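Nothing here was measured: the structure is a model prediction, and the numbers come from that model.
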Amino acid sequence: MKSINVAFYSPSIELDKSHRTKSWAGYSNRTKSKVRTYDNLMVNPTPYYLHGYFRKHYPDHAKYINWKPSMLLRRTTEQIVEFLVENDIDVLCVSLYVWNLHHCLEVVKDVKTLYNRPLKIVFGGPSCDASKDDWEEKYPFVDHFIVGQGEKAWSNLALDFIGAQTLDPSATNIVHFVKKGDSPPVKTYEYEFIRGIHYSPFMECEDLIHAVQEAYKDENLAWPYETQRGCPYHCTFCDWNGGQSNKTQKRKEISFIDEIDFMAKNKMYNIHISDANFGMWDVDVEIMKRMVYHNQNNGADFNFISFNLSKIINDNYKQIMRMIIEHDFHNTWVKLSVQDVHDDVLKAIDRPGNWKEAKDVGLAMYQEFAHKKNFRKIFVELILGLPGQTVESYVENLDEVYSNGFIPRTYPFLLLRNAPATYDQEYRKKWDIKDDLIFETIDMELVGGTVEEVYNNPLKNFVYHQITSCSTFTEKDWVRMTCADQLYRRICSRIAWPAYGFIDVNWKHLKPMIQKIMNSDDYLYVIEERYKNYKKYRVNAMNSTEGKLIANGNDMSSVIYRNIDLIEQSFNETGMEQEFKEQFFEVYKSFEYAKDYLNRE
């Protein structure tokens, strides 16, 4: 047998630190002494799951596999090759996600040529669908594709790489090409839901944890934490289990309390709760209590970068939500995940739960903590571009959320490669779904000085497959919805303002004003310009008459400032109190920088 050095490349959604570091104090409801700066870099835990499984099942062979610290940030092809040379790498594992798919496919294709020494490349991750598509022809530089859970598949490959055994052509979750006689190779694949992930990937790989902490000692690392695998639901926008099944399994035969103690010992405080439904099990409450214990008694600083609570609201959900707020676990925001407030849209995407239940929980949290902890901001996760939505219904989403003292946190409907909305042809036909590669502008900043520069720099921007139209909205409607979302955000979601007790109590003044702005010439001009670029470049943004990119909501800042007299007139008509009016105009007048962006020639 021989030893192998393994590299792992899966750049995070975060950019380099200079683009990440910014104060979120205004968005946070945390007490001032605990307000944090959001500059986290997410650690992909895949190597710990793979090597932890290998160590548990093949302890005598584990010493032959040496994992190097993961490459967590985007690198050029040359930088990847430099890392491989420095570490004498034998195997490069690449984990594909919606945010790095196109980048990885581009930068990895010439790695073998430049490296110029033996190298195995293994692709996996939730956006690897080589079992359904002809990836072997599109990406001939890849030696093996893992589709689905990777622990057992990686073990079979690793045993082959070190010479312990020959790869079995029937090994599950690996795409095989079996050749018989003179016939062309036959592509085969068999999916297996891997049970027996009953170990702590972190505790099994403490040495790898320390190595990545040392390699990124200047970063504020965040750790995805998963206590169960899979999701029992069938939401059409989601790809839990890689679209292969709807089975679930809680990790067993381990102590979650010991695992939290381990994380406390190793200062793994910044947590992304990665379960699909945290709170579904009673033990989730005990996990939460253990983190609180360490914060209160041992000087720990456990906090949630993000979290996914159970889609069905139960008592566990409420207990965990209460602890998150009471014990300052919310790094930047507390959220309710509903995707849309309309039952018919939720039915269209096969999403359980409803808005009323979520709203009642949010309002109860406000009533309990608004005065006690000055807790006045809860975010509501929406998805823009869902089948069943229309321009009118999407605006109703915004009205309902803001008028109740919440703040929308909007995501585009990204077509995850293994989600039902991507692969289920009957579903796509039912809703007449059309999609294309789109430059993401709702939740990401664009890189480029003009729309044309953005278009010519796909590797520096986030480009995803998104729904561009369906039976309930056109491409232009999609642009209208994004413009409405960003206008509302600029008008109602400012750092200086609370949502509960400020936006809601002034909604009777804000809504009539917003309607007037949406009928203004400037707003309608922005829609036309953005739609023109969306059709030509798939970039939902515009250039100023000076030829400079206007993005990230700055076109809406211009709309607001250029119509500030209209806003004042509307506030006067509805009788807004002077105190509130001054607070709104203090922000709106700060948009003066954008006043000339929409000048027409």
Side-chain angles (χ1 to χ4, degrees), residues 1-11 43-72 75 80-96 104 108 111-112 115 117-125 128 141-169 171-176 192 194 196-216 223-224 226 229 251 254 262 266:
M1 286 186 288
K2 65 176 182 179
S3 295
I4 58 172
N5 294 325
V6 183
F8 180 76
Y9 185 61
S10 185
V43 177
N44 189 316
T46 298
Y48 318 132
Y49 277 97
L50 300 186
H51 200 50
Y53 184 92
F54 196 89
R55 280 176 164 169
K56 292 287 287 185
H57 290 80
Y58 306 98
D60 295 336
H61 297 84
K63 62 185 177 182
Y64 295 103
I65 301 176
N66 305 304
W67 286 84
K68 300 300 179 180
S70 302
M71 292 178 275
L72 301 177
R75 302 194 182 201
I80 294 173
V81 171
E82 181 180 2
F83 181 91
L84 302 185
V85 171
E86 289 177 354
N87 292 277
D88 195 22
I89 296 299
D90 302 290
V91 180
L92 172 62
C93 295
V94 182
S95 194
L96 304 175
C104 288
V108 175
V111 162
K112 279 187 175 179
Y115 191 43
R117 65 180 73 178
L119 178 71
K120 296 290 187 181
I121 295 180
V122 181
F123 271 13
C128 179
F141 53 89
V142 180
D143 295 280
H144 299 283
F145 299 100
I146 295 177
V147 179
Q149 295 159 278
E151 289 85 358
K152 189 174 179 179
W154 165 253
S155 292
N156 283 316
L157 289 174
L159 290 169
D160 181 61
F161 294 156
I162 65 176
Q165 66 180 40
T166 301
L167 179 63
D168 183 348
T172 56
N173 294 2
I174 301 173
V175 178
H176 299 277
E192 178 184 4
I194 306 299
I197 312 297
H198 301 316
Y199 59 91
S200 168
F202 295 144
M203 295 173 71
E204 287 292 332
C205 296
E206 186 170 13
D207 55 335
L208 303 187
I209 298 290
H210 291 166
V212 81
Q213 286 177 325
E214 176 62 26
Y216 294 92
W223 304 89
E226 186 179 63
R229 178 160 289 181
R251 285 193 285 128
I254 68 162
F262 171 89
N266 286 284

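When every heavy atom of Arg75 is checked against every heavy atom of Tyr9, the shortest pair comes out as N-OH, 2.8 Å. Asp143 and Lys112 get closest at one heavy-atom pair: OD2-NZ, 2.7 Å. The two residues His176 and Ala171 have their closest heavy-atom pair at NE2-O, 2.8 Å. Considering every non-hydrogen atom in both Ala7 and Phe83, the closest pair reads CB-CE2, 3.8 Å. Between Leu119 and Val91 the shortest heavy-atom distance is CD1-N, 4.0 Å. The shortest heavy-atom contact between Tyr115 and Pro118 is CE2-O, 3.9 Å.
At a threshold of 4.5 Å between non-hydrogen side-chain atoms, the residues Pro45 and Phe202 count as touching. No side-chain heavy atom of Tyr216 sits under 4.5 Å from any side-chain heavy atom of Val43. The closest side-chain heavy-atom distance from Asn44 to Ser95 is below 4.5 Å. Contact check for Leu167 versus His144: side-chain heavy atoms found under the 4.5 Å cut-off. You'll find the side chain of Arg117 stays beyond 4.5 Å of the side chain of Leu84, heavy atoms only. Side-chain contact between Lys56 and Ser155 is absent, with no heavy atoms from C-beta onward closer than 4.5 Å. With a 4.5 Å cut-off on side-chain heavy atoms, Trp223 and Ile209 count as touching. Counting heavy atoms from C-beta on, the side chains of Val122 and Ile146 come closer than 4.5 Å.
Under the 30°/60° scheme for interplanar angles, the aromatic rings of Phe145 and Phe123 are found to stand perpendicular. The aromatic rings of Tyr53 and His57 sit parallel, their planes meeting at an angle under 30°, below the 60° perpendicular limit. Ring orientation note: the planes of Tyr58 and Phe54 are tilted relative to one another, at an angle of 30° to 60°.
Between Arg55 and Asp207, at least one side-chain nitrogen of the basic residue sits less than 4.0 Å from a carboxylate oxygen of the acidic one, meeting the salt-bridge criterion.
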request  = Verify side chain to side chain contact (heavy atoms under 4.5 Å, CB included) between Asn173 and Lys152, making sure each step is shown before the conclusion.
outcome  = CA-CA 8 Å; Asn173 294 2; Lys152 189 174 179 179; over 6 Å; no

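Taking CD from Glu192 and CD from Gln149, the interatomic distance works out to 8.5 Å, rounded to the nearest 0.5 Å.
The only member of Trp67, Tyr49, Phe8 that meets ring-ring contact (aromatic ring centres under 6.0 Å, His included) when paired with Trp154 is Trp67.
Between the side chains of Asn266 and His210, a donor-acceptor pair is found at a separation under 3.5 Å.
At least one donor-acceptor pair closer than 3.5 Å links the side chain of Asp90 to the backbone N or O of Asn5.
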